[in-house]
K.L.:
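Sharing a structure here in structure tokens format.
Since the structure is predicted, the reported quantities are computational estimates derived from the model, not experimental observations. Throughout, a chain's letter reflects where its sequence line sits, starting with A, and its residues are numbered from 1.
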Number of protein chains: 2
Amino acid sequence: MTAEPRRRDSAATRAALLDAATALFAERGFDHTTVRDIAARAGVNQALLFRYFGSKDALYASVMAGQGRELLDDSAGRLLEGVLRRLLETGPRQANHLLFTALQPGGMDNAAAGIREELGDDYVRALSTLTDAENGELRAELVLGWVVGISMLRASAHRDVLRRADTEEVIRLVLGAACTLLERTEQ
Amino acid sequence: MTAEPRRRDSAATRAALLDAATALFAERGFDHTTVRDIAARAGVNQALLFRYFGSKDALYASVMAGQGRELLDDSAGRLLEGVLRRLLETGPRQANHLLFTALQPGGMDNAAAGIREELGDDYVRALSTLTDAENGELRAELVLGWVVGISMLRASAHRDVLRRADTEEVIRLVLGAACTLLERTEQ
DNA sequence: CAAATATGTAAGCACCTGCTTACATATTTC
DNA sequence: GAAATATGTAAGCAGGTGCTTACATATTTG
């Protein structure tokens, strides 16, 4: 078994491209990330991006398919708390979380658009299980919106109140307010 | 009395450009609005955009200076309700309100960046007068984040729960939850 | 009226973008 | 080992972007 890295390894370069794209899309958003940026960070020729993924949109779709649901890994009850904690604990640099690049308007072709739609639905569905009010979907959507907004503000270059704030304090405040919307609190 | 429109009128074309830019930035965001789009909607030659405003960034700064504070026109107590109502009552097309284009990451030069900073501060300052908790600023920032997130979700192409929802119902839910943050509370 | 100035127009430049092509070199297959 | 294939590289294309320039025409000024 030769453990030496092969001088050519399609799987490795594919993975490097995916990692670089994930990081850059999260940092800068879709529009402000160029295929040359991605290839450079991956240490790879940019033509390979198109050989392995076909287009920038398709690469974005791959990124979202792999990473977009990471925040959903919590049990239903602790979902909101888990989402907030992960959001608040990520470094300021990647504060503009991937999920929320999906909400930016315009751009994006149909392949990527399909992924976006599913993703939002998944979060809303998970959140709406937390309440049995008749308008549970709306309540869940409002809570999702809160998380989105907090993420946006954290990513905003000039506003640092949220970046400097204590994680536990933020979680306490948000959960306290949100539980008036999601009637069943964490168990 | 010549009430006839003059064949050449710098003030009028300047205003037309400003109006067109305001609408397009709100609809599509900064990046997805081109100077040619703006000039076309204004019915004006695009070179005039640069004669009257200097650059696309400077035009954006002018737009924000003029319109960005429109949501602030309410008395302090009713601020949140007023902001929400205006937000929810604007047509879906311009749902991506101007204020929130300012939160998109990257891009934007220094002229525009200065305006953005002030703007957010104004909203937070207005909101933080509503609570006397020691971390009032953080609480205000969280509430601002909620408004931002709701606006983002409304603007998102594929999610229409918030667009179809009853305005009064949304306001009732958000105010009910937010008052646990902004009321004169414990501690 | 004539000169000076303000306003409008068409064309294009320099740069960046996603993407493609032609080719070189490594790796596998027979 | 030779042919076939997989992987990497350099260069460039077509289209879009913000912005500039050279010029035409309307309006104001003396």
K.L.:
Expressed as a whole number of angstroms, how long is the span from A:Leu59:CG to C:dT17:P?
P.N.:
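One finds 16 Å between P of C:dT17 and CG of A:Leu59, rounded.
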K.L.:
Donor-acceptor pair, B:Arg139 side chain versus B:Ala133 backbone, under 3.5 Å?
P.N.:
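Looks like no, no N/O pair under 3.5 Å.
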K.L.:
Hey, does the side chain of A:Tyr52 come within less than 4.0 Å of C:dC19's phosphate (OP1/OP2), counting only N and O?
P.N.:
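It does not, given that no N or O in the side chain of A:Tyr52 lies less than 4.0 Å from OP1 or OP2 of C:dC19.
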K.L.:
Are any side-chain N or O atoms of B:Lys56 and backbone N or O atoms of B:Phe30, one a donor and one an acceptor, separated by less than 3.5 Å?
P.N.:
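Here the side-chain-to-backbone pair exists.
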K.L.:
Parallel, tilted or perpendicular: which describes the rings of A:Trp146 and B:Trp146, with under 30° parallel and over 60° perpendicular?
P.N.:
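Taking B:Trp146 first and then A:Trp146, their aromatic rings lie parallel (interplane angle under 30°).
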K.L.:
Report yes if a side-chain nitrogen or oxygen of B:Thr13 is closer than 4.0 Å to either non-bridging phosphate oxygen (OP1 or OP2) of C:dT7; otherwise report no.
P.N.:
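For C:dT7, neither OP1 nor OP2 has a side-chain N or O of B:Thr13 closer than 4.0 Å.
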K.L.:
Do the side chain of B:Asp160 and the main chain of B:Arg163 share a donor and acceptor less than 3.5 angstrom apart?
P.N.:
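It does not hold such a pair.
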K.L.:
Look at B:Ser10 and C:dA6 and indicate whether a side-chain polar atom (N or O) is within less than 4.0 Å of OP1 or OP2.
P.N.:
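False: B:Ser10 side-chain N/O out of range (4.0 Å or more) of C:dA6 OP1/OP2.
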K.L.:
Knowing that exactly one of B:Val83, B:Leu142, B:Asp122, B:Leu79 qualifies, which makes a side-chain contact (heavy atoms from CB on, under 4.5 Å) with B:Leu127?
P.N.:
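Exactly one pass, corresponding to B:Leu79.
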K.L.:
Within the distance-only criterion (no hydrogens, no angle test), does the side chain of A:Thr180 pair as donor or acceptor with the backbone N or O of A:Ala177 below 3.5 angstrom?
P.N.:
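Indeed, once roles are kept as given, a pair shorter than 3.5 Å links the two residues.
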K.L.:
Determine to 10° how strongly the helix from C:dC1-D:dG30 to C:dC30-D:dG1 is bent, judged from the axes of its five-pair ends.
P.N.:
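About 0°, once rounded to a multiple of 10°.
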K.L.:
Verify, without hydrogens or angle tests, whether B:Thr22 (side chain) and B:Val63 (backbone) share a donor-acceptor contact under 3.5 angstrom.
P.N.:
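Absent.
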K.L.:
From CG of B:Leu17 over to P of C:dT9, roughly how many Å is that when rounded to an integer?
P.N.:
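From B:Leu17 CG to C:dT9 P: 11 Å.
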K.L.:
One character per nucleotide, please: for nucleotides 18-28 of chain D, 5' to 3', B when the base has a protein heavy atom closer than 4.0 Å, S when only the sugar-phosphate does, - otherwise.
P.N.:
BBBB---BSS-
K.L.:
Taking the side chain from B:Ser151 and the backbone from B:Val147, do they hold a donor-acceptor pair closer than 3.5 Å?
P.N.:
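Such a contact is absent between B:Ser151 side chain and B:Val147 backbone.
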